[in-house]
S.K.: 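This structure is in structure tokens; I'll ask about it shortly.
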Amino acid sequence: MQVLIAAAVCTKNGKVIISRQFVEMTKARIEGLLAAFPKLMTAGKQHTYVETDSVRYVYQPLEKLYMLLITTKASNILEDLETLRLFSKVIPEYCHSLEEKEILDNAFNLIFAFDEIVALGYRESVNLAQIKTFVEMDSHEEKVYQAVRQTQEREARQKMREKAKELQRQRMESAKRGTSAGMGRSSGGFSSDGFGSSGGNMSGITTPSIEIDNKPILPKPQKPISRNALKLGGKSKDVDSFVDQLKSEGEKIVNLTPTPASSNQAVANAKAKIISDIHTESIHLKLEDKLVVRIGRDGGLQQFELSGLLTLRITDENLGRIKVQLQNDDTHGIQLQTHPNVDKELFKTRSIIGLKNPTKPFPLNTDVGVLKWRFVSQDDSAIPLTINCWPSENGEGGCDVSIEYDLEAQHLELQDVTIVIPLPVNVQPNVVEYDGTYNYDSRKHILQWNIPVIDAANKMGSMEFSCSSSIHGDFFPVQATFVSKTPYVALKAKDVTLVDDDSSVKFSTETLLFVDKYEIV
């Protein structure tokens, strides 16, 4: 039975940089075991483990460092080596270089990752991608809450400045008239202007809200207008664009978003490239599909989830009162849901997006989410792109790997496709055949396979390479990223008309399909 006592990163001289113990043991005992390790090393000989009467040291060189595991002698050495490989893959994920200072700077992230691999001395059934997800624990709701709170605080500060100016002006007018009556009236206006309503909102923040009526609030006594009258701005898309907009307005926003991985950065760059080519009209519709797909390495769909959002942006105040006619040719059975302020019956019967109160306009200069959808399936036919990774032992202690892709959804045109294959630590692949281009990242120990376009005319491709000192599990999980101008769902805007006379108006559309997670595990 495998029992891991501790994991440590140390120098070749025996200096311990970080260490994590997994069983109950005194500090002096752990320090004694770690101090004994360099004395057991045999000069001029290469091994993967050494033993004493009570424990086994399993280790792997990482340039000038050692990744070290201390186990009981009763543990399975093969399982120990497999666990050691996973620990060795974790280090480069959080450290840009294998230097002592870099290890210390990222000590907490490494300790958290170690805890995900081993619990109470026993190996957990996790892979590298799952470890990264567990450690990151990114909260979309928290980012939305923080961004909205900062926006409302900014609005409150702006209202305070406006009221201060108004009070100062009224004091000056009162002084000229020689009376304090004006001052008394201004004091009453301060609490009944709706400013208190904004402050009250800050304690009960839910989701971003958009006011349907953009007319300024008069300083005369009146009932405060609720700022949550129409929450058309509550979008399920990532909040990063919202935060970027606040930054462009000069607000100091705390960075709540972790540094994206290279695959996420590639998707962001590809999305920006597609969006930059689009001409926008005064009425602009944006349809976004987001994919989450997990496929087993031996075949079989484990997870398929598609979520989408249709947003509307109007920049001309004369075109605020409109209706959007949609054409729905979907055959998958996606679940559609309109915004609460959209007329649901009108959409059900005629596939038209319009407000429940047609006398009010849509908000101006704001991306307003009006329709969202979701599709979950366990049917293999839903997979848009199949990727088959087939490692086989070559009889020399390594593996020959064949990997191929096949476009199943041939109505799609996938752009900037990147397939990322993990590799053993410090093993450079020998690529024999490939379509497209490839890049070996020695720091992250990955092979990136890049295909500019996959479509019906170029729906299949393959790559072959070999790696020494490797096993089957070293090449998983395989991850893929891509974008497409063609949406997964058969949904599109057919016409946009004015509410008053049903006359058609010019509009522009933007469609985008992108990957949130696409992996073969």
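When a residue number appears, it is its place in the shown sequence, counting from 1. Atom set for the values below is all heavy atoms of this structure, side chains included, hydrogens, waters and symmetry mates excluded.
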S.K.: Using the salt bridge (charged side-chain N to carboxylate O under 4.0 Å, His left out) rule, collect all pairs that involve residues 8-24, keeping only residues at least two apart or in two chains.
M.R.: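 For residues 8-24, and leaving out neighbouring residues, the salt bridge (charged side-chain N to carboxylate O under 4.0 Å, His left out) pairs sorted by first residue read K15-E100, R20-D115.
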S.K.: Any sub-3.5 Å donor-acceptor pair from H339's side-chain atoms to N341's backbone N or O?
M.R.: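 At least one qualifying donor-acceptor pair exists.
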S.K.: Can any side-chain N or O of W449 pair as donor or acceptor with the backbone N or O of D435 at less than 3.5 Å?
M.R.: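 Looks like yes, one N/O pair under 3.5 Å.
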S.K.: Within a strict 4.5 Å, meaning less than it, do heavy atoms of the P92 and H445 side chains meet?
M.R.: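 They are in side-chain contact.
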S.K.: Testing the 3.5 Å rule here: is there a donor-acceptor pair between the side chains of R294 and Q303?
M.R.: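 Q303 and R294 do have a side-chain donor-acceptor pair below 3.5 Å.
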S.K.: Counting only heavy atoms not in Y440, do more than 12 sit closer than 6.0 Å to its OH atom?
M.R.: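 Result for OH/Y440: enclosed.
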S.K.: What are the two closest non-hydrogen atoms of P61 and N426, and how far apart are they?
M.R.: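 In this case the closest contact between P61 and N426 is O-ND2, 3.9 Å.
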S.K.: Evaluate side chain to side chain contact (heavy atoms under 4.5 Å, CB included) for L447 paired with V420, printing each intermediate quantity in order.
M.R.: CA-CA 6 Å; L447 180 63; V420 180; over 6 Å; no
S.K.: Using atom types as modelled and distance alone, determine if a side-chain donor or acceptor of N394 lies under 3.5 Å from a backbone N or O of G398.
M.R.: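 Side chain of N394 to backbone of G398: a pair is present.
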S.K.: State whether K89 and E93 are salt-bridged, where the test is any N-O pair (Lys NZ or Arg NE/NH1/NH2 against Asp/Glu carboxylate O) under 4.0 Å.
M.R.: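 Here K89 does not pair with E93 in a salt bridge, since their nearest N and O are not under 4.0 Å apart.
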S.K.: Any chance you could measure K492, atom NZ, to L285, atom CG, to the nearest 0.5 Å?
M.R.: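 Atom-to-atom, K492:NZ and L285:CG are 13.5 Å apart.
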S.K.: Mind checking whether I383 and L301 have side chains closer than 4.5 Å, heavy atoms only?
M.R.: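 When only atoms from C-beta onward are counted, L301 and I383 do touch, with a gap below 4.5 Å.
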S.K.: Taking the six-membered ring for Trp and the full ring for Phe, Tyr or His, determine whether the centres of Y488 and F304 are under 6.0 Å apart.
M.R.: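 Between F304 and Y488, which both carry aromatic rings, the centre distance is below 6.0 Å.
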S.K.: Looking at Q21 and V23, would you say the former's side chain and the latter's main chain have a donor-acceptor pair under 3.5 Å?
M.R.: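 Here the side-chain-to-backbone pair exists.
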S.K.: Just to verify, what does E82 make a salt bridge (charged side-chain N to carboxylate O under 4.0 Å, His left out) with, not counting sequence neighbours?
M.R.: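 Salt bridge (charged side-chain N to carboxylate O under 4.0 Å, His left out) list for E82, sorted by chain: R85.
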S.K.: Check the surroundings of atom NE2 in H96: do more than 12 heavy atoms from other residues, nucleotides or ligands lie under 6.0 Å from it?
M.R.: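 Result for NE2/H96: open.
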S.K.: Distance-only, no hydrogens or angles: does the Y518 side chain make a donor-acceptor pair with backbone N or O of L385 under 3.5 Å?
M.R.: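 Here the side-chain-to-backbone pair exists.
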S.K.: Give every donor-acceptor pair under 3.5 Å between a side-chain atom in residues 464-475 and any protein atom, sequence neighbours left out.
M.R.:
{"unit_1": "S470", "atom_1": "OG", "unit_2": "C399", "atom_2": "N", "d": "3.2"}
{"unit_1": "S470", "atom_1": "OG", "unit_2": "C467", "atom_2": "O", "d": "3.0"}
{"unit_1": "D474", "atom_1": "OD2", "unit_2": "I471", "atom_2": "N", "d": "3.0"}

S.K.: Please confirm whether the ring centroid of Y49 lies under 6.0 Å from the ring centroid of Y57.
M.R.: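 Aromatic pair excluded; centres sit 6.0 Å or further apart.
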S.K.: Donor-acceptor pair, E519 side chain versus V478 backbone, under 3.5 Å?
M.R.: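 No, because the side chain of E519 does not come within donor-acceptor range (under 3.5 Å) of the backbone of V478.
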S.K.: Is it the case that the side chain of S377 and the backbone of D379 share a donor-acceptor pair, with hydrogens and angles ignored and the cut-off at 3.5 Å?
M.R.: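 Between the backbone of D379 and the side chain of S377 there is a qualifying donor-acceptor contact (under 3.5 Å).
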S.K.: State which residues pass side chain to side chain contact (heavy atoms under 4.5 Å, CB included) with D105; sequence neighbours excluded, sorted by chain then number.
M.R.: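 Only K101 meet the side chain to side chain contact (heavy atoms under 4.5 Å, CB included) criterion with D105.
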S.K.: Parallel, tilted or perpendicular, judged at 30° and 60°: which one describes the rings of Y438 and Y434?
M.R.: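 Geometry flag for Y434 against Y438: perpendicular rings.
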S.K.: Can you tell me how far CG of N439 sits from OG1 of T437, rounded to the nearest 0.5 angstrom?
M.R.: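 Nearest 0.5 Å value for the OG1-CG distance: 8.0 Å.
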S.K.: Has the side chain of D330 got a donor or acceptor atom that lies under 3.5 Å from a matching backbone atom of A490?
M.R.: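 Between the backbone of A490 and the side chain of D330 there is no qualifying donor-acceptor contact (under 3.5 Å).
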S.K.: Kindly state whether the ring of Y66 and the ring of F37 have centres lying under 6.0 angstrom apart.
M.R.: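 They qualify: ring centres under 6.0 Å apart.
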S.K.: Please test T26 against I30 for side chain to side chain contact (heavy atoms under 4.5 Å, CB included), starting from the C-alpha separation and ending with a verdict.
M.R.: CA-CA 7 Å; T26 64; I30 287 291; over 6 Å; no
S.K.: About how many Å separate CG of L371 and CG of L312, when rounded to the nearest 0.5 Å?
M.R.: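 It comes to 11.5 Å.
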S.K.: So I403 and N388, do their side chains get closer than 4.5 Å, heavy atoms only?
M.R.: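 They are not in side-chain contact.
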S.K.: Answer yes or no: is there a side-chain heavy-atom contact under 4.5 Å between D455 and L412?
M.R.: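 In short, these two side chains do not touch, never coming nearer than 4.5 Å.
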S.K.: State, with a plain yes or no, whether a side-chain heavy atom of F476 is found less than 4.5 Å away from one of I520.
M.R.: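 Yes; the side chains approach each other to less than 4.5 Å.
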S.K.: Just by distance, with hydrogens left out, do T311 and D367 show a side-chain donor and acceptor under 3.5 Å apart?
M.R.: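 No pair is found: no donor N or O on one side chain lies under 3.5 Å from an acceptor on the other.
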S.K.: The criterion is salt bridge (charged side-chain N to carboxylate O under 4.0 Å, His left out); which residues satisfy it with R56, sequence neighbours excluded?
M.R.: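 R56 satisfies salt bridge (charged side-chain N to carboxylate O under 4.0 Å, His left out) with E51, D80 only.
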S.K.: Could you give the distance from CG (L69) to CZ (R123), rounded to the nearest 0.5 Å?
M.R.: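 Answer rounded to 0.5 Å: 10.5 Å.
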S.K.: V55 vs T71, test: side chain to side chain contact (heavy atoms under 4.5 Å, CB included). Steps then yes/no.
M.R.: CA-CA 6 Å; V55 297; T71 73; over 6 Å; no
S.K.: What are the two closest heavy atoms between L309 and G369, and how far apart are they?
M.R.: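 Looking at all heavy atoms of both residues, the shortest contact is CD1-CA, 4.3 Å.
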S.K.: Please check this pair: side chain of E116 against backbone of A113, looking for a donor-acceptor N/O pair closer than 3.5 Å.
M.R.: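 Checking the backbone N and O of A113 against the side chain of E116, no donor-acceptor pair under 3.5 Å is found.
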S.K.: A side-chain contact here means heavy atoms from C-beta on lying under 4.5 Å apart; do I387 and I295 qualify?
M.R.: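 Side chain of I387 against side chain of I295, heavy atoms only: no contact under 4.5 Å found.
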S.K.: Minimum heavy-atom separation for F87 to I117, with atom names?
M.R.: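 For F87 versus I117, the nearest heavy atoms are CE1-CG2, 3.7 Å.
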S.K.: Could you pull out the closest heavy-atom pair between L407 and A456, with the gap in Å?
M.R.: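 So the minimum-distance heavy-atom pair works out to CD2-N, 4.0 Å.
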S.K.: Considering only residues two or more places apart or on different chains, which pairs with a residue in residues 395-414 satisfy side chain to side chain donor-acceptor pair (under 3.5 Å)?
M.R.: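 Sorted result for residues 395-414: T386-E408, E413-Q415.
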S.K.: Please lay out, stage by stage, how L423 and I446 fare under the test side chain to side chain contact (heavy atoms under 4.5 Å, CB included).
M.R.: CA-CA 5 Å; L423 300 174; I446 58 173; 5.7 Å; no
S.K.: How long is the gap from CG on L512 to CD on E288, to the nearest 0.5 Å?
M.R.: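 So the gap between those two atoms works out to 5.5 Å.
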S.K.: So, do L336 and R374 sit near enough that their side-chain heavy atoms are less than 4.5 Å apart?
M.R.: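 Counting from C-beta outward, L336 and R374 never come under 4.5 Å.
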S.K.: Counting C-beta onward and ignoring hydrogens, is there a side-chain heavy-atom pair between I103 and I91 closer than 4.5 Å?
M.R.: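 Touching, per the 4.5 Å side-chain cut-off.
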S.K.: Between N127 and L86, what is the shortest heavy-atom contact and its length?
M.R.: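 That closest heavy-atom pairing would be C-CD1, 4.5 Å.
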S.K.: How long is the straight-line distance from CG of L513 back to NZ of K290, given to the nearest 0.5 Å?
M.R.: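 It is 12.0 Å, given to the nearest 0.5 Å.
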S.K.: For P422, does its backbone N or O pair with a side-chain atom of K444 as donor and acceptor, under 3.5 Å?
M.R.: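 Answer holds: no.
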S.K.: How far apart are the closest heavy atoms of V515 and A480, and which atoms are they?
M.R.: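 Smallest heavy-atom distance, with atoms named: CG1-O, 3.7 Å.
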S.K.: Should we count NZ of K73 as having more than 12 external heavy atoms under 6.0 Å?
M.R.: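 Correct, the count exceeds 12.
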